[in-house]
Protein chains: 2
Amino acid sequence: MATMVDVARLAGVSISTVSHVLNGTRNVEPGTRDRVLAAIEQTSYRQDALARAMRRSQTDSLGLVLSDVGEPAFAEMMHGVQESAYADGMTLLVANSDETAERELRAVRTLLERRVDGIVLARVADSSDEVLDELSRAGVPVVLMDRLAGLPIDQVGTENRSSMRELVDHLVGLGHRRIVAVVGDTRVSPLRERLEGFRDAVRSTGLAEEDQTVLLSSSKSENLSDRLSAVLTEHRPTALIACSTHLAAGALGVVRRLGLSIPSDLAFATFDGFPYPELFEPHITTVRQPGFDVGAAAVRLLISRIGGSAGDPSTVRLSPTIEYRASTGPRVPQPSEKTSTAQPMQTS
Amino acid sequence: MATMVDVARLAGVSISTVSHVLNGTRNVEPGTRDRVLAAIEQTSYRQDALARAMRRSQTDSLGLVLSDVGEPAFAEMMHGVQESAYADGMTLLVANSDETAERELRAVRTLLERRVDGIVLARVADSSDEVLDELSRAGVPVVLMDRLAGLPIDQVGTENRSSMRELVDHLVGLGHRRIVAVVGDTRVSPLRERLEGFRDAVRSTGLAEEDQTVLLSSSKSENLSDRLSAVLTEHRPTALIACSTHLAAGALGVVRRLGLSIPSDLAFATFDGFPYPELFEPHITTVRQPGFDVGAAAVRLLISRIGGSAGDPSTVRLSPTIEYRASTGPRVPQPSEKTSTAQPMQTS
DNA sequence: CTGAAAGCGCTTACAG
DNA sequence: CTGAAAGCGCTTACAG
């Protein structure tokens with residue numbers, strides 16, 4: 001690989017001049033400039049981003065820490081992060097925390113060692129305090145994404161609480177009085193906020209608290225299926241709300257195993273939802289977060305901080321859209337109305 | 001941030017010794033070593049990966065170029081790449097080609113400027129020759145992933161041709177004689193290979209060629225829906241094979257719009273398929289590629305090349321699994337058999 | 001308008 | 001067992 005020295009020699013100039021031609025950082029006489037350009041061409045010279053970064057102590061790169069790209073919501077956010085970073089000429093380093101605190105800490109350290117200019121971080125449920133400590137000690141700007149905190153730190157996520165309220169209001173408006181919310185791990189902020197919204201709605205709509213069920217879990221591996229199965233058979237709710245794609249997948253499995261029809265036996269709604277939602281029957285009522293925009297906004301905020309923008313930490317919340325679909329039916333399921341039977345192999 | 005000089009001063013040694021303690025590259029007297037370690041602790045010293053990389057001309061990082069993380073198959077491959085890279089202590093730089101040749105070339109150049117030790121590349125349909133040229137000129141090891149080529153270059157992908165043959169054989173065994181294959185853009189190697197498998201199977205099973213339909217497209221944006229709609233209504237195939245998730249999504253939309261039932265009006269099978277496939281009705285017969293393993297294998301091969309392993313370029317093909325499900329029915333659809341009507345809102 | 005030189009933070013022969 | 005010094009490939013005051 002050719003270096004600046006090669007180019008300079010060939011053009012008969014100093015490396016200063018080559019550098020300035022390359023970066024447009026000072027005027028160069030047209031003739032000189034042309035010779036340099038020709039020499040660059042001839043040697044197939046390519047700038048070494050490493051050496052440049054080292055000298056400038058700025059790498060033009062951003063780190064992204066996610067628990068799993070496979071999760072559709074995160075894939076969308078990553079896409080937004082990617083595009084926004086690209087638009088600003090930043091390269092993206094991606095690390096996987098695999099939803100464990102230890103790997104998250106290692107991931108952040110690796111990114112720090114690589115001197116990324118900033119980090120977008122979707123924290124794991126039991127994130128270690130050391131993560132934010134090291135980040136602030138290193139003085140590297142951070143923006144939390146999706147998994148937010150009650151801390152003075154920049155963060156971008158979705159509005160959860162009032163969306164849940166709206167969803168529950170809708171169900172109550174349809175006549176539902178017994179709802180089960182599959183919430184999962186409330187250490188994960190969006191799940192916690194959705195739970196709060198659920199409780200808000202129960203209170204404000206005057207639903208009997210004892211008729212509502214909330215299913216929590218305290219670890220990633222904990223299986224809610226058996227408990228949900230018991231709730232559905234014994235408690236007989238008429239509506240179910242899953243608070244994430246993953247929880248919805250598990251819940252749908254249980255519903256199917258019990259032979260319940262949606263929405264005639266049970267109304268079904270979920271947050272986040274599935275890719276290609278329009279293709280499957282029944283269409284599932286979904287609170288869909290603007291994942292791409294969340295990722296893009298996180299990078300914009302991060303880049304403004306990198307650029308030196310001062311001011312208090314800001315929390316940005318983007319609004320999800322609620323897609324009301326057939327799975328929450330027009331009518332409340334009534335035992336007496338069970339006229340239709342499951343038709344597992346039909347689709348329209 | 002503390003540097004080696006700070007650590008050395010505090011420990012009363014030279015930076016050589018600090019470096020050797022850090023990297024375990026030579027014996028250091030225990031007492032000296034302890035002083036160094038203590039100084040590292042006290043200064044919160046962290047190695048600068050940039051300076052290290054520059055000196056060693058090795059960055060311990062890998063580049064990944066994908067067209068879109070949103071595509072489930074690519075998300076899985078990325079996960080495999082990520083985990084395999086992590087296991088080998090490599091950091092991952094991810095660039096998005098957005099399925100356009102120009103962005104792909106820019107992505108590769110950016111990764112090259114950042115001196116990645118190797119690149120995993122899922123090429124765009126109309127990839128520029130310059131991409132592979134620059135890569136070989138730079139002497140950076142590359143492994144093509146998923147989108148393979150008839151070139152002397154390392155590559156890892158899925159076996160496509162014989163899987164398609166097996167799928168068609170299965171359909172023929174069920175009595176199907178009129179099949180439509182939604183193939184898409186044959187510049188994309190897996191799609192091309194699936195088409196070849198389809199033609200192989202038509203020949204070997206003795207199907208009448210004029211009764212089979214192949215739908216091709218030559219650009220990403222081209223909409224196959226109208227043509228598929230015409231084929232389904234005029235040509236009346238009894239089975240449909242979609243060659244990718246994206247094509248399956250489009251095809252399912254058309255099928256639904258025409259009010260056809262699966263599998264009673266039309267058997268439906270797809271390559272790649274949807275996430276959470278077990279949750280929707282009807283279950284779709286799917287040729288599922290081992291995305292994670294493809295990604296992981298690509299990185300393993302890449303790392304062995306980085307490590308200096310010689311030998312001819314190798315092509316690794318992993319086998320997909322064919323999941324036969326309800327969507328290809330047990331029986332061939334017959335007009336006279338249309339006893340069931342669509343039940344759009346039912347699920348079991 | 002241009003160049004010589006310092007320095008970013010490391011690794012690694014070389015010498016003792 | 002340890003240190004002084006060169007050098008990786010750039011950028012950027014400083015000087016002319």
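Here is how names work: the chains are called A, B, and so on, in the same order as the sequence lines, proteins then strands, and each is numbered from 1.
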Requested in this report: Decide yes or no on side chain to side chain donor-acceptor pair (under 3.5 Å) for S127(B) and E104(B), but give the supporting numbers first.
Outcome: CA-CA 7 Å; S127(B) 181; E104(B) 178 180 69; 2.6 Å; yes
Requested in this report: Could you go through the side chain to side chain contact (heavy atoms under 4.5 Å, CB included) check for H20(B) and V36(B) one step at a time?
Outcome: CA-CA 10 Å; H20(B) 284 118; V36(B) 171; over 6 Å; no
Requested in this report: Apply the test salt bridge (Lys or Arg N to Asp or Glu O under 4.0 Å) to residues E134(B) and R109(B): give CA-CA distance (whole Å), side-chain angles for both, the deciding distance (0.1 Å), then the verdict.
Outcome: CA-CA 8 Å; E134(B) 295 210 11; R109(B) 283 183 177 155; 2.6 Å; yes
Query raised in the report: Should E99(A) and R147(A) be marked as a salt bridge (Lys or Arg N to Asp or Glu O under 4.0 Å) after you check the CA-CA gap, both sets of side-chain angles, and the distance that decides it?
Result: CA-CA 12 Å; E99(A) 206 66 76; R147(A) 312 287 183 88; 3.1 Å; yes
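Distances shorter than 4.0 Å separate some side-chain N or O of R52(B) from OP1 or OP2 on dT11(C). A close approach under 4.0 Å does not occur between any side-chain nitrogen or oxygen of T25(B) and OP1 or OP2 of dT12(C). Between dG3(D) and T17(B), a contact under 4.0 Å exists linking OP1 or OP2 to a side-chain N or O. At dT11(C), none of the side-chain N or O atoms of Q58(B) fall inside 4.0 Å of OP1 or OP2 (strictly under the cut-off).
A straight line from NE2 of H20(B) to P of dT2(D) spans 11 Å, rounded to a whole angstrom. Rounded to whole angstrom, the span from the CZ atom of R9(A) across to the C1' atom of dG9(D) amounts to 14 Å. When rounded to the nearest whole Å, the span between CZ of R114(A) and P of dC10(C) equals 14 Å. To the nearest angstrom, P of dA6(D) lies 23 Å from CZ of R56(B). In this structure, the CZ atom of R35(A) is 12 Å from the C1' atom of dC1(C), given to the nearest Å. Atoms CZ (R33(B)) and P (dT2(D)) sit 11 Å apart, rounded to a whole Å. Atom CE in M4(B) sits roughly 14 Å away from atom C1' in dG3(D) (whole-Å rounding). Atom CD1 in I15(B) sits about 10 Å away from atom C1' in dG3(D), given to the nearest Å.
No hydrogens or angles considered: a donor-acceptor pair under 3.5 Å links the side chains of R114(B) and T91(A).
Environment of CG in D312(B): sparse, with no more than 12 heavy atoms of neighbouring residues, nucleotides or ligands closer than 6.0 Å. The 12-atom threshold is not exceeded at CZ of R33(B), counting heavy atoms of other residues, nucleotides or ligands nearer than 6.0 Å.
Take the nearest nucleotide of DNA chain D for S57(B) and for S14(B): the residue whose nucleotide is more 5' is S14(B). In terms of position on DNA chain D, the residue among R26(A) and R46(A) whose nearest nucleotide sits closer to the 5' end is R46(A).
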Report summary line: With both pairing distances under 3.5 angstrom for Watson-Crick or G-U wobble, and | for a partner in another strand, the correct string for DNA chain D is |||.||||||||.|||
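The nucleotide whose nearest atom lies closest to any side-chain atom of T3(A) is, among dG9(D), dT2(C), dA5(C), dG9(D). When distances run from any side-chain atom of R55(B) to the nucleotides dG9(C), dC1(C), dG7(D), the shortest one goes to dG7(D). Picking from dC10(D), dC8(D), dT12(C) the nucleotide with the shortest atom distance to the side chain of M54(B) gives dC8(D). Here dT11(C) is the nucleotide among dC10(C), dT11(C), dC8(D) with the atom lying nearest to any side-chain atom of S19(B). Among the nucleotides dC10(C), dG3(C), dC10(D), the one closest to any side-chain atom of D48(B) is dC10(C). Listed candidates were dT12(C), dT2(C), dT11(C). Nearest to the side chain of V28(A) is dT2(C).
Partner of M145(B) under the side-chain contact (heavy atoms from CB on, under 4.5 Å) criterion, out of L66(B), V65(B), L121(B): L66(B) alone.
In this structure, V5(A) reaches neither bases nor backbone, as no heavy-atom distance under 4.0 Å exists between it and the strands shown.
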